J.: 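Pasting in a structure now, in structure tokens, and then I'll have a few things to ask.
On a predicted model such as this, the values are computed, not experimentally measured, just so you know. Chain letters run A, B, ... following the sequence lines, proteins first and then strands; every chain starts at 1.
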Amino acid sequence: MKAFFTDKLLSWNQLHNTRTMPWKGIRDPYRIWLSEIILQQTRVEQGLPYYERFITAYPTVKDLAAAPDEEVFRHWQGLGYYARCKNMLAAARQIVSEFNGRFPDTFEQIQSLKGIGPYTAAAIASFAFNLPHAVLDGNVFRILARYFGITTPTDSTAGKKQFAALAQELLAPGQSAIYNQAIMDFGAVMCRPQQPACPQCPLAAKCVALQQQTVAQLPVKSKKLVIKKRYFYYIVLEYKGQVFIRKRTGNDIWQNLHEFILMETPAPLDAGKLESEPAFTSLLQQTPYTLDGISAAFKQQLTHQTIYSQFILLTAVKQPAITDYMAVPRARLEQYAFPKTITDFLQNRSLGLF
DNA sequence: AACACGGGGTC
DNA sequence: GACCCAGTGTT
């Protein structure tokens, strides 16, 4: 599984990666360092002009170390996270004073510089010196969380440790620079936060999240209340004046309340295409029906979840073979408890809205 | 372990 | 409006 991952990633990089950036492939630790500081929590497109400006103004680390603070901050203006600028300047002067103007070439020494943490140290160590340190940035967290189906929060201590160890295991021996560059490019181009290119992904065959349909839910971050979105499609199936419902049980919301035939999907569905969904057809197998209508979308906000519901009105042509649900006369529905979403729906329907 | 730190792009 | 971006330093 791990060899597959690394092999596919490297071959994708070789065959399909067309991403170019001024600092890519170079060995000059000063330029690599500068690019990495600028790119912390910053998009490449946003940082690019700043990188060009800094390289032009300060071609070497000695130039930067000798520059007046105000001038350097002026160059940084508009980029944000200004502590980066302050630390960068301090590091430049550290390099001059402690390392005689020569960029340090061990991981520990690199990380001892101000503004350089584990990520930036690994990036410089690998790109400039091909040292075997795997980078762990937002891209790597996302790719590994999805590919291995890891739900450990990436912003927890345990998560950082777990992902760091895994990233290190996956690092291609002797190819640290190329591998680290490849995995970050892959995250930016293929395994994007939104709308990842799963159909074209060379890792798709073994991607746990893709198989489990949890790609959009990964990676998990613990900070802030994560409000999960869920998409319910309720099939209001009627036959001879009776409606199929069941009582909700189990470890989930709305325990002991009733509901119609539920089809939950991991993502919103085009209700018009519902009849071609495998889950829908398998649910209604051998139940001839007529489609009477589809309701508008209902939204309900719970503490930790947002529930989006839509109701599909069907009339069975013959006795349906639906298990786990009971047939209740429409007039008796008022004897059962339903979640607000469903009572809203029933209210609307009684008003003739559907 | 939790929080502050910026501006911009995307959906 | 929420999320995220080639994270790090401070409390």
J.: Heavy atoms only, 4.0 Å cut-off, all strands: where does A/Q181 land among base, sugar-phosphate and nothing?
T.: base
J.: Determine the contact category for A/S156: base if any of its heavy atoms lies under 4.0 Å from a base atom, sugar-phosphate if only primed atoms, P, OP1 or OP2 are that close, otherwise nothing.
T.: nothing
J.: Using the P atom on both, measure C/dG9 against B/dG8 and round to a whole Å.
T.: 24 Å
J.: Answer with base, sugar-phosphate or nothing: what part of the nucleic acid does A/D155 contact at a heavy-atom distance below 4.0 Å?
T.: nothing
J.: Does A/Q46 contact B/dG7 through a side-chain donor or acceptor facing the base, at a distance under 3.5 Å?
T.: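 It does, because a donor-acceptor pair links the side chain of A/Q46 to the base of B/dG7 below 3.5 Å.
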J.: Taking for each residue the nucleotide of DNA chain C with the nearest heavy atom, is it A/W23 or A/Q194 whose nucleotide lies nearer the 5' end?
T.: A/Q194
J.: Starting at atom NZ of A/K86, determine the distance to atom P of B/dA4, rounded to an integer number of angstrom.
T.: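 Taking NZ of A/K86 and P of B/dA4, I get 18 Å after rounding.
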J.: How would you label the contact of A/R192 with the nucleic acid (heavy atoms, under 4.0 Å): base, sugar-phosphate, or nothing?
T.: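 Touches nothing.
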J.: Please check if A/I183 and A/M190 belong to a single hydrophobic cluster, counting links between Ile, Leu, Val, Met, Phe, Trp and Tyr side chain heavy atoms closer than 4.5 Å.
T.: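 In one cluster: yes.
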J.: Using a cut-off of 4.0 Å on non-hydrogen atoms, how would the nucleic acid contact of A/M21 be classed: base, sugar-phosphate, or nothing?
T.: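 If one applies the 4.0 Å heavy-atom cut-off, A/M21 turns out to touch a base.
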J.: Taking the nucleotide of DNA chain C with the nearest heavy atom to each, does A/S35 or A/G115 sit closer to the 5' end?
T.: A/S35
J.: I'd like to know if A/R74 pairs up with A/D69 as an ion pair, taking the criterion as any Lys NZ or Arg NE/NH1/NH2 lying under 4.0 Å from an Asp or Glu carboxylate oxygen.
T.: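 Salt bridge: no.
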J.: Output the rounded distance in Å from CZ (A/R84) to P (C/dA6).
T.: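 The answer, rounded to whole Å, is 12 Å.
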J.: Confirm from the modelled atom types if A/R43 and C/dC4 form a donor-acceptor pair under 3.5 Å, side chain to base only.
T.: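 For A/R43, whose side chain was compared with the base of C/dC4, there is a donor-acceptor pair (under 3.5 Å).
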J.: Quick one: the side chain of A/T42 and the base of C/dG7, do they pair up donor-acceptor inside 3.5 Å?
T.: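 There is none.
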J.: Are A/Q41 and C/dG7 close enough that a side-chain N or O sits under 4.0 Å from OP1 or OP2?
T.: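 Answer is yes, contact under 4.0 Å.
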J.: Sticking with atom P, work out how far C/dT11 lies from B/dG6, rounded to a whole angstrom.
T.: 15 Å
J.: Identify whether any heavy atom of A/Q195 sits under 4.0 Å from a base atom; if not, whether one sits that close to sugar-phosphate; answer base, sugar-phosphate or nothing.
T.: sugar-phosphate
J.: Which whole number of Å gives the distance between the C1' atom of B/dC3 and that of C/dA6?
T.: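 Approximately 22 Å lies between the C1' atom of B/dC3 and that of C/dA6.
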J.: Is the shortest distance from a Lys or Arg side-chain nitrogen in A/D324 or A/R246 to a carboxylate oxygen in the other one below 4.0 Å?
T.: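 A salt bridge is absent here (no side-chain N lies under 4.0 Å from a carboxylate O).
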J.: In terms of ring plane angle, is the pair A/F54 and A/Y58 parallel, tilted or perpendicular, where the classes change at 30° and 60°?
T.: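 Tilted: the ring planes of A/F54 and A/Y58 meet at 30° to 60°.
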J.: Please say whether the positively charged group of A/R84, taken as NZ for Lys or CZ for Arg, lies over the ring of A/Y81, i.e. under 6.0 angstrom from the six-membered ring centre and within 45 degrees of the axis.
T.: no
